[in-house]
Amino acid sequence: MAGNWKMYKTCGQTRDYLARFRPLVANTADREIVLCPTFVNLESAAREAAGSNIEIGGQNLFWAKEGAYTGEISADMLAAVGCRWVLIAHSERRQYFHETDEEAFKKAEAAIASGLTPIVCIGETPAEREAGETFSILEKQVRGSVGGLAPEQFAKITIAYEPVWAIGTGKTATPEIAQEAHQFIRRTAEQCFGGDRAASLRILYGGSVKPANVKSLMAQPDIDGALVGGASLDPADFAAIVNF
Ligand code: PGA
């Protein structure tokens, strides 16, 4: 279960959250929990989470190892402050910062090279769904952002399916709609990397996941976890999602 905090929470709020959240997930050793605060709070979040099953992830990275790229953050820098995960090509990055599948691919390669687990985000816009293009868009995104990885690199990634029309809107995809997309993504991965690798690929669902709907989503065979925005900002809500 991954929480994407987007551009919310100062360092004090991050510390308070972890102090409240840790006891709520103290008995969830069988669950993997990832929190993705903003860059400036990663180090303190990693410190506050140390010794628990809460892992920390960045919300973005740049693919170069280092260099004259003002304002950017490398995979090694994320790893050095205690990150184990990183979100790549979230739909807000695609929409507001014009990130492409080609860039997502380079970022995924860089993340893996530094030992981070990338959570590569894909998903169709409302206009694409209405135009009946959902599957062709998902196929293009899977092939473009992870299809070029070596099989052993592909084994290290997680994909998040987040239909843009369901993000922050309160409109969750029904479990059936989400399952259909997840199954399609797994089939596309199978075409690229074979059945075994596709079967072990983890695909998270994201888009208005809440304590009230997480169980029915997680009951679907191809949904392996959730990427949670709004509901991850409240420790009690996110703990309820983790403990679904
Ligand atoms: P939401 O966001 O849960 O607030 O819909 C999900 C996301 O953008 O990752």
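When a ligand or atom number is given, it counts from 1 through the structure's own listing order. FYI, side chains are in, hydrogens and waters are out, and symmetry mates aren't considered; it's all heavy atoms of this structure.
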Around [atom], find the nearest protein heavy atom and jot down its residue, atom name and distance.
atom                   : value
atom 9 (O) of ligand 1 : Glu162 OE2, 2.7 Å
atom 3 (O) of ligand 1 : Gly229 N, 2.8 Å
atom 4 (O) of ligand 1 : Gly230 N, 2.8 Å

Below 4.0 angstrom from a heavy atom of [X], which ligand 1 atoms are there? Numbered from 1 as shown, please.
X      : answer
Gly168 : 1 (P), 4 (O), 5 (O)
Gly207 : 5 (O)
His90  : 7 (C), 8 (O), 9 (O)
Ala166 : 5 (O)
Asn4   : 9 (O)

With a 4.0 Å cut-off on N to O distance, would you call [X] and [Y] a salt bridge?
X      : Y      : result
Arg143 : Glu139 : yes
Arg197 : Glu190 : no
Asp101 : Arg94  : yes
Asp76  : Lys65  : yes
Arg187 : Asp222 : no

Under a 4.0 Å heavy-atom limit, does Ser91 contact ligand 1 with its side chain, its backbone, both, or neither?
neither
Pick one of side chain, backbone, both or neither for how Ile167 approaches ligand 1, counting any non-hydrogen atom pair under 4.0 Å.
both
Are any of the N/O atoms on Ser208, whether in the backbone or the side chain, positioned under 3.5 angstrom from an N/O atom of ligand 1?
yes
Test of ring centre spacing under 6.0 Å for Tyr17 and Trp5:
yes
Going from OG on Ser208 to CD1 on Ile167, what distance comes out if it is rounded to the nearest 0.5 angstrom?
8.5 Å
Against ligand 1, does [X] come closer than 4.0 Å with any heavy atom?
X      : result
Lys210 : no
Ala231 : no
Gly206 : no

Applying side-chain hydrogen bond (donor to acceptor under 3.5 Å, both in side chains) between Asn60 and each of Glu72, Glu92, Lys107, His90, report the one that passes.
Lys107
Below 30° counts as parallel, above 60° as perpendicular, anything between as tilted: where do the rings of His182 and Tyr161 land?
perpendicular
